[in-house]
Amino acid sequence: MRLSIIGAGYVGLTTGACLAELGHHVICIDMNEERVARLRDGEVPIYEPDLHDLMTSNIGAGRLFFSADTATSVADADAVFIAVGTPSLVDGDIDLSFVQEAARGIAKVIKPNCVVVVKSTVVVGTCKALREIIAEERGALDFSIASNPEFLREGTAVSDFLEPERVVFGSDDPRACAVLEQIYKPLADRGVTVMRTSNANAELIKYSANAFLALKIGFINDVANLCEQVGGDVSAVAAGIGLDSRIGSAFLSAGPGFGGSCFPKDTRAFAATGRKHDAPQGLIETLIEGNEARSQMLAERVLAELGSDADGATIAVLGLAFKANTDDTRESPSLALIPWLQKAGCRIKAHDPKAMMEAAKQLDDISFCEDAYDAAKDSDGVIVLTEWDEYRRLDLARLAGTMRGSLLADYRNLWLPSDMTDLDLTYLSIGRPTIHHASGTAMVAKPAARKVERSIAAGSSAG
Ligand SMILES: NC(=O)c1ccc[n+]([C@@H]2O[C@H](COP(=O)([O-])OP(=O)(O)OC[C@H]3O[C@@H](n4cnc5c(N)ncnc54)[C@H](O)[C@@H]3O)[C@@H](O)[C@H]2O)c1
């Protein structure tokens, strides 16, 4: 089939390369001409494992193309996928302006019987509204509209797309469903479950899935807070509850809170949709509040340990991406936490294997470092905020040896308290009591310090 994808970001590029891999003829379109020029030069403008190789082989096979010109690139398409951003408005509701603009852009040029497929994450009712936009622009044109939400995760996007647990699409038009069945036939033939449903259901499935996953993260973080106070170990608790197949072990890693380009904005949009339709999503409203407050709370734990030395302290932050294996810093917990430390007078040195360029656009007064050891050198404390494998493999004795102070805040639980036995470090982690270790004294576990005595500028989020 001939397919066009509007938006060559994380989702659009992965979708384009993977659909080409499934044998389709694909043109990826982006309004950012510089991005298109780089793509045409064989460069992948984002960091996503395996994507470069997949793109290169499909470009070579004559199935994958790039363009900045929507009009010429969608005219022959059997289906046009819209994969543009759907960020949050100031009030938390979804900003549909990019999706609407994309629909207007294709309305005048799609051929009769074309299927417009909304891959962007959109609130229920959006496909219906886009149908009206296209009909307004194009009058009597016969076309179909479908929702095909994307469930890929950055960092494993290619395998998530090519080996998904399910493909969901929804349309109230059987012709659109037939075209989507054809597009995804290679996956169905490999045994992937392809769920066909209504437009509204497909839109609701995406938000409900993300809201539920975010709830699991929020829940285990609340359990972690309790563990810190009462001497529990959240990893053991998570393992114990995860053995129950009704709960499952996925998404039960306590940490610095959820971030990224999806969960924060999608939970906000889900809550806003509930408010709009008089179906309040109280659980999600509370979840959002707790998650937004978490960065400040974790900064305060560090500041409380530093005490009166916090003002003027040098802190090394390891990890700026919202999670490992991506350069995406959108709503990264790290970027929300750093300003709380800066407000308290800390100087920040930072390192991330892939995300420093993106982070530099959003942070002020940061020294970026070559590697973790360089960041830790002469620092009073080190905070780990992204679970990169290269941090897991750090030589902790070497790291501790280069530091001026002795505070290690492991907010991804990369290590065990027992790994600190021979190190002269105070070790803070998530959902486990703080380990204070001073030379010549035994290791002692204490409940986590929560509040800083000195005042930090008010506000529930540093973002
Ligand atoms: N990133 C993820 O992990 C992920 C996963 C599942 C779903 N989603 C959803 O997919 C959608 C896209 O997310 P993303 O992370 O790929 O966004 P992104 O910001 O990485 O990419 C969007 C791209 O669309 C381009 N664009 C915007 N309007 C355009 C237009 N009218 N014509 C041509 N190009 C246009 C932008 O220049 C940008 O390159 C969002 O709705 C998101 O919620 C994202």
Side-chain angles (χ1 to χ4, degrees), residues 1-9 11-31 36 58 62-84 86 96-122 125-150 161 167-188 194 196-200 202-203:
M1 286 211 159
R2 296 184 80 83
L3 310 175
S4 299
I5 320 272
I6 312 286
V11 167
L13 275 182
T14 307
T15 301
C18 290
L19 288 176
E21 179 71 10
L22 296 184
H24 302 295
H25 177 284
V26 180
I27 309 180
C28 292
I29 302 145
D30 205 287
M31 63 182 182
V36 172
N58 281 284
R63 289 191 296 260
L64 182 60
F65 304 86
F66 305 99
S67 171
D69 180 12
T70 305
T72 55
S73 308
V74 303
D76 289 334
D78 300 304
V80 179
F81 287 73
I82 297 180
V84 300
T86 46
L96 286 170
S97 60
F98 295 101
V99 174
Q100 290 161 346
E101 202 42 50
R104 271 187 210 100
I106 61 171
K108 291 220 163 63
V109 281
I110 50 175
K111 68 178 185 184
N113 294 330
C114 179
V115 181
V116 176
V117 185
V118 181
K119 197 155 241 333
S120 298
T121 302
V122 293
T126 303
C127 283
K128 213 167 145 212
L130 294 182
R131 161 166 272 294
E132 282 162 23
I133 288 178
I134 297 173
E136 246 171 52
E137 297 277 333
R138 195 63 190 273
L141 177 80
D142 198 5
F143 72 98
S144 313
I145 194 147
S147 164
N148 172 215
E150 183 48 58
F161 195 101
V167 170
V168 173
F169 63 77
S171 180
D172 304 329
D173 181 340
R175 197 180 59 207
C177 291
V179 168
L180 277 155
E181 255 153 27
Q182 200 56 34
I183 292 171
Y184 286 110
K185 188 171 181 302
L187 294 183
V194 177
R196 171 180 169 165
T197 183
S198 70
N199 241 321
E203 290 167 332

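Here the structure is a predicted model, which means the values were calculated and not measured. Sequence positions, counted from 1, serve as the residue numbers for this chain.
Summarising the geometry of Ala202 relative to Gly170, their closest heavy-atom pair is CB-N, 3.7 Å, with the distance given to 0.1 Å. Heavy-atom minimum distance, Cys127 versus Ser147: SG-CB, 3.8 Å. Taking each heavy atom of Ser4 and Ser73 in turn, the nearest pair found is OG-O, 2.6 Å. The nearest pair of heavy atoms linking Ala146 to Val115 is CB-CG1, 4.4 Å. For the residue pair Cys28 and Gly12, the shortest heavy atom distance occurs at SG-O, 4.1 Å. Contact record, Ala83 with Ile5: CB-CG2, 4.1 Å, taken as the closest heavy-atom pair.
Under the rule for a ring-ring contact (aromatic ring centres under 6.0 Å, His included), the partners of His25 that lie at least two apart in sequence or sit in another chain are Phe65. Taking Asp69 as the reference, Thr72 meet the side chain to side chain donor-acceptor pair (under 3.5 Å) condition, with sequence neighbours excluded.
Here the CD1-CD1 distance, from Ile133 to Ile145, works out to 9.0 Å after rounding to the nearest 0.5 Å. The distance from the CD1 atom of Ile106 to the CZ atom of Arg138 is 10.0 Å, given to the nearest 0.5 Å. In this structure, the separation between CG on Asp142 and CZ on Arg175 is 4.5 Å, given to the nearest 0.5 Å. Taking CD of Glu137 as the reference point, atom NZ of Lys108 lies at 4.0 Å (rounded to 0.5 Å). Between the CD1 atom of Ile82 and the CZ atom of Phe98 there is a distance of 13.5 Å, given to the nearest 0.5 Å. To the nearest 0.5 Å, the span separating CD1 on Ile110 from CG on Asp78 amounts to 12.0 Å.
Panel note: side chain Glu203, backbone Gly125; a donor-acceptor pair is recorded below 3.5 Å. Using modelled atom types, one side-chain atom of Ser120 and one backbone atom of Val84 make a donor-acceptor pair closer than 3.5 Å. Under the 3.5 Å distance criterion, the side-chain polar atoms of Ser67 are left unmatched by any main-chain donor or acceptor of Ile29. Between the side chain of Thr86 and the backbone N or O of Val122 there is no donor-acceptor pair closer than 3.5 Å.
At least one side-chain heavy atom of Leu13 sits less than 4.5 Å from a side-chain heavy atom of Phe66. Side-chain contact between Lys128 and Asn199: absent, with no pair of heavy atoms (C-beta onward) separated by less than 4.5 Å.
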From CA spacing to verdict: side chain to side chain contact (heavy atoms under 4.5 Å, CB included), Val11, Thr121: CA-CA 10 Å; Val11 167; Thr121 302; over 6 Å; no
Val116 and Leu130: CA distance, side-chain angles, deciding distance, side chain to side chain contact (heavy atoms under 4.5 Å, CB included) verdict: CA-CA 9 Å; Val116 176; Leu130 294 182; 5.9 Å; no
What side-chain donor-acceptor pairs closer than 3.5 Å can you find for residues 179-186, not counting sequence neighbours?
{"residue": "Glu181", "atom": "OE2", "partner": "Arg196", "partner atom": "NH1", "Å": "3.2"}
{"residue": "Tyr184", "atom": "OH", "partner": "Asn148", "partner atom": "OD1", "Å": "2.6"}
{"residue": "Lys185", "atom": "NZ", "partner": "Asp189", "partner atom": "OD2", "Å": "3.0"}

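By the 4.0 Å N-to-carboxylate-O rule, Asp172 lies too far from Arg131 to be salt-bridged with it.
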